[in-house]
Number of protein chains: 2
Amino acid sequence: MDGMVHLPLIFDGQESPASEVWVGRDLLTSDTGPIQRPVKDWLAGRLLFIVSSPTVMGWHGGKLEALRRCADRTVFLSVPDGERAKSIDHAHELWQAMLEAGGKRDSRLVTFGGGSVGDLGGFVAACFVRGIEYAQIPTTLLAQVDASLGGKTAIDMPQGKNLVGAFLQPKFVLSDTRVLETLPPPELRAGLVEAVKKAALLDDGALFVEMEERLDDLLAGDPETVARVVAGAARLKLDVVARDVRESGLRKVLNFGHTLAHALEQQLGYRGLRHGEAVAYGMLFALRLASRRGGVADDMVIRLPQMLRRFELPDLPTEAMTLEGLMAAMGRDKKASRAGLTWVLPAGLGKHRFDSDLKTTWVASELESFLDDPWDGLG
Amino acid sequence: MDGMVHLPLIFDGQESPASEVWVGRDLLTSDTGPIQRPVKDWLAGRLLFIVSSPTVMGWHGGKLEALRRCADRTVFLSVPDGERAKSIDHAHELWQAMLEAGGKRDSRLVTFGGGSVGDLGGFVAACFVRGIEYAQIPTTLLAQVDASLGGKTAIDMPQGKNLVGAFLQPKFVLSDTRVLETLPPPELRAGLVEAVKKAALLDDGALFVEMEERLDDLLAGDPETVARVVAGAARLKLDVVARDVRESGLRKVLNFGHTLAHALEQQLGYRGLRHGEAVAYGMLFALRLASRRGGVADDMVIRLPQMLRRFELPDLPTEAMTLEGLMAAMGRDKKASRAGLTWVLPAGLGKHRFDSDLKTTWVASELESFLDDPWDGLG
């Protein structure tokens, strides 16, 4: 197996890593990968629960053979694809099934699927008998570059996404980039948006520049390029998480583009726009606010939209949303405090700033223009 | 206010306490108590959710006046009394109500009631937008000496108690012993059992001896004696919790009497026996096992049952349970591992040991005799 990357997530003052993140092609099936050791030791003699969807199991289930052999016994727990998995009813079902199967505190849980499967499965692990150890095997690009990393787990409520959840670091994240080779191009692009998000605001833009340079290969899904970007984005995220596990400060930078994105998704009933596509529009809107306020370097105002134009985003389905609805949804954002929303704004290539002083009425008027033409004045 | 005790819970390597536990008569209403400062600062300008039951609010709601004045706005969330509050449906209802009321990450939650209200409210706080700060104001003796301390939160599942939950230390525990003065004697005695549990196995028995010496006053509910025992038991528990927050070792000592107690409660459908009464029988059974195995000092075999006899426990409702049902319930205990149950056994006054080598068939035969006469051969 070539190009395997091993990234330990080590918090201040802890000697051993809270998570080990592995990125590599054929990681799950290779004779030399992490399944052969630390994962093997972690599962030896244990009852293993695998949370996945029929679709993912149909495509990739065979790749779990080596993993299953490490455990004493494996129980598959099936959940639907996509956001609708993340309901309290599904969490409840999984807890019941785990108890019926004899799950204990020393049982293990592995999520195998996209971000929704990981979010739900992680939450289920976090609360089952007050917490059991778990691992994530993300099978979408979005989950490999973002959702599987950092220990955020959650389910949705009618009022919005991820409103009930927990922080629990997965013991392992195993990103086998081989599974990405079956992704349809729009899924690939939507996943890359979360890599753009981090690349644009962190590390002085080193990853952003690399993505610009290899954009053709990246959008064509070249395996080696995709694997490099997955590992690069994972590294940026882990660095932020290690410095702010519970999102009390710096980690909020990862919310870039998400304030509007969550509101868009909620207005659309989580249909019609992929999460990454909503985040792309969210980043454009944050860039617009930053540009209107001043304080963002000119090249960023050009280069970020330039890259996103290549992602062939679907049009914003504005007919299915209202300005008032979007503003209300943003006001309910769980990251809001009594003082209001903190916006994550781009400041220049690989640089960001936080702004808590944006007037609601001004944001609303900017949003109205934005809904007319999201690209106006950018790129 | 006299005799106020302040116990900070400080974990290894942390400078500031994870919890501050205050014990004292009229703590909630005094002009010199903790409500006037750190609690006041903690609530200033915040949205406060108070989780309580109509019964508790009817008896003691007036005592929350000073607390409410500290917050910007207070929303009461009502739940039923007792164990039936601890369902996933009630947790779901509270999350919905908190979202509807505009709850955010910087909102606060206070539980006001017995152990069930604290367990449910703590779990709701632990998962609401991935965790908000909360405090416990326990209004039963059981909750003051045990349930409110240590950060365990949970709801029940049909398969058993506390099977879904989280660890979240309350920022404050405010035990106003004035509220205990309305407790009916059986409630008082059931609460004292959890103090006996800790006193019997920890600290070389110093608290146990004190309880023996003042047993008449204690059982008569003398406020000063009760307050001393509440503070003493809290101190013992916090010392254990600080050394083992997530119950990976030492903290299991607090499970003394609970292996059988949970099985009894489950067989009885959480009716007919108070939690403390079930724990008393569980301690007697653990003592019996220890005594049969050898390795428990003789005086303990006499003094522990001697004290518990004074508690006037109701008879075990054996007609409502089966030996097989109890054994199966213990096998599902969430503290069991694939290797089986670890028993917490008394070893002598204020001393304990763990035993993972008890054969299931032997335990079953001992349990059968125990159900015939729980006191046989003891005290």
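The sequence lines fix the lettering, A, B, ..., with proteins before strands; numbering per chain opens at 1. Source: prediction; values computed, not measured.
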Chain A contacts, top residue of B:S107, B:G331, B:A154, B:G165 (heavy-atom pairs, under 4.5 Å): B:G165
Test applied, side chain to side chain contact (heavy atoms under 4.5 Å, CB included); reference residue, A:V129; option that passes from B:L163, B:V164, B:N162: B:L163
Heavy-atom pair count under 4.5 Å with chain B, highest-scoring of A:G160, A:G102, A:P158, A:A126: A:P158
Distance, nearest 0.5 Å, that separates CZ of A:F128 from CE of B:M157: 8.0 Å
Chi angles and distances behind the side-chain contact (heavy atoms from CB on, under 4.5 Å) call for A:R246, B:R130: CA-CA 9 Å; A:R246 293 189 71 91; B:R130 296 199 188 95; 5.8 Å; no
Residue pairs passing the salt bridge (charged side-chain N to carboxylate O under 4.0 Å, His left out) test where at least one lies in residues 93-103 of chain A, sequence neighbours excluded: none
Under the ring pair (Phe, Tyr, Trp, His ring centres under 6.0 Å) test, residues paired with A:Y270 that sit two or more places apart: none
Which residues share a ring pair (Phe, Tyr, Trp, His ring centres under 6.0 Å) with B:F354, sequence neighbours left out: B:H352
Residues in residues 40-51 of chain A near chain B [non-hydrogen atoms, under 4.5 Å]: A:A44, A:G45, A:R46
